[in-house]
Amino acid sequence: MSPRARGGAALRRGPGRPPGPSQAAEVRARIVAEAGRLYATGGYAGLSFGTLAQRTDVTKATLFHYFPTKDALVYAVFDALGAQIEARALGWFDAPPRSFAARLDRLVIELVELFGRDPVPARLVCHGFLGVEHIVPPTLARAGAPPVFVELMRRFVAFLEQGIAAKEFRPDRPLGTIMSIGGVVLYECMMPAESRRRYAGDETVTMEERTKEMVAFIRRGVLRPDARRLYAKRSAR
């Protein structure tokens with residue numbers, strides 16, 4: 001369990017004999033995973049302790065034993081998601097490859113791989129943007145729980161700033177660029193197959209082809225024209 005999770009979900013002693021450490025960890029993980037699916041579907045308002053108790057086959061008293069408040073549960077959901085993403089993202093921004101353009105391609109491909117396999121994380125992130133005040137509410141912030149995704153965002157901003165300094169990336173605001181990249185990837189990965197068939201007419205397009213389209217689109221938006229031409233020549237060799 002990460003330090004953030006410990007800060008966001010302090011246990012409260014309940015009646016009876018508490019479960020052993022391994023059992024407690026399994027129950028907690030099951031609660032967090034199911035809470036994530038509920039939040040991905042209906043956001044903060046759709047996260048009900050009653051529904052969660054039914055879905056996880058535990059009592060509401062057990063839920064409150066692990067998570068005294070709804071905000072503590074939401075924080076645990078995003079803390080787990082942040083840990084999952086950060087564990088995969090450690091090497092996304094660093095060389096090799098040497099060029100920032102090639103690393104940008106790798107970054108987009110990794111994001112699509114992460115969010116394209118399962119729509120729940122993508123929907124969680126989008127709902128998180130709408131209810132950001134619940135990810136680290138004031139009560140948990142005062143208790144010392146750090147923001148989720150903070151290290152990932154720090155690394156992402158530094159990567160873009162370095163690419164700008166190397167004159168490979170356009171001199172745009174890094175956070176705006178991050179939102180643009182995330183928006184493209186999340187939209188593509190969240191669109192249900194039925195909507196894709198009905199509105200986009202591309203039900204036969206594979207995820208690999210869609211990934212190539214996203215890489216090319218983001219490359220056009222982020223790379224400077226001269227860097228884009230140079231990268232295209234190098235890639236063609």
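Residue numbers run from 1 in the order of the sequence given.
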Are the charged groups of K212 and E209 less than 4.0 angstrom apart, N to O?
no
Taking all non-hydrogen atoms of both residues, which atom of Y231 and which atom of A102 are closest, and how far apart?
OH-CA, 3.4 Å
Tell me, do L81 and F149 make a side-chain contact under 4.5 Å, heavy atoms counted?
yes
Value for CG (L73) from NZ (K70), rounded to nearest 0.5 Å, stands at 9.0 Å
A89 and L152 have their tightest heavy-atom pair at CB-CD1, 3.6 Å
Could you measure the distance from the CG atom of D71 to the CD atom of E133? Nearest 0.5 Å is fine.
8.5 Å
Testing the basics here: between D94 and R106, what is the closest heavy-atom pair and its distance to 0.1 Å?
O-NH2, 2.5 Å
First locate atom CZ of F49, then atom CG of L63, and finally report the distance between them rounded to the nearest 0.5 Å.
6.0 Å
Identify whether the distance between the nearest side-chain nitrogen and carboxylate oxygen of R224 and D226 falls below 4.0 Å.
yes
In Å, rounded to the nearest 0.5 Å, how long is the span from CZ of F67 to OG1 of T62?
12.0 Å
Check: E168 side chain, A227 main-chain N or O, donor-acceptor pair, under 3.5 Å:
no
E208 CD: over 12 foreign heavy atoms closer than 6.0 Å
no
Does a side-chain N-to-carboxylate-O contact under 4.0 Å join R30 and E26?
yes
side-chain contact (heavy atoms from CB on, under 4.5 Å) assessment of F93 paired with Q162
CA-CA 10 Å; F93 306 104; Q162 291 163 8; over 6 Å; no
4.5 Å side-chain heavy-atom contact, I181 and L104
yes
Kindly indicate whether the side chain of Y39, heavy atoms from C-beta on, has any atom under 4.5 Å from the side chain of L52.
no
For M207, look at atom CE and say whether over 12 heavy atoms of other residues, nucleotides or ligands are found less than 6.0 Å away.
yes
Heavy-atom closest pair (L38 atom, S48 atom, distance to 0.1 Å) is CD1-O, 4.4 Å
Looking at side-chain heavy atoms only, is the closest gap between F169 and T177 below 4.5 Å?
no
What's the spacing between R123 CZ and D118 CG if we round to 0.5 Å?
8.5 Å
If I compare all heavy atoms of V157 with all of P174, which pair ends up nearest, and what's the gap?
CG1-CB, 4.1 Å
If you compare all heavy atoms of R228 against all heavy atoms of R220, which two are closest, and at what distance to 0.1 Å?
NH1-O, 3.3 Å
Could you tell me if the side chain of E188 sits less than 4.5 Å from the side chain of T211, heavy atoms only?
no
Measuring from W92:CH2 to I85:CD1, what's the distance to the nearest 0.5 Å?
7.0 Å
If you measure from the Lys or Arg side-chain nitrogens to the Asp or Glu carboxylate oxygens, is any gap between E213 and R210 under 4.0 Å?
no
Just checking, R103 and F100: is the charged tip under 6.0 Å from the six-membered ring centre and within 45° of the axis?
yes
Does the side chain of E113 reach to within under 4.5 Å of the side chain of C189, using non-hydrogen atoms?
no
Hey, is CZ on F217 packed in by over 12 heavy atoms from elsewhere, all under 6.0 Å?
no
Is the number of heavy atoms from other residues, nucleotides or ligands within 6.0 Å of CG (D57) greater than 12?
no
Side chain proximity check, H127 to T41, heavy atoms < 4.5 angstrom:
no
Mark yes or no for whether K60, through its side chain, and A53, through its backbone, hold a donor-acceptor pair below 3.5 Å.
no
For the residue pair Y66 and V32, establish whether any side-chain heavy-atom pair is separated by less than 4.5 Å.
no
Residues in salt bridge (Lys or Arg N to Asp or Glu O under 4.0 Å) contact with E110, at least two apart in sequence or another chain:
R88
Who are the ring pair (Phe, Tyr, Trp, His ring centres under 6.0 Å) partners of F129, not counting sequence neighbours?
none
Quick check: does any side chain N or O of R37 sit under 3.5 Å from a backbone N or O of V120, one acting as donor and the other as acceptor?
no
Tell me every residue that passes ring pair (Phe, Tyr, Trp, His ring centres under 6.0 Å) with F115, counting only those two or more places apart in sequence or in another chain.
none
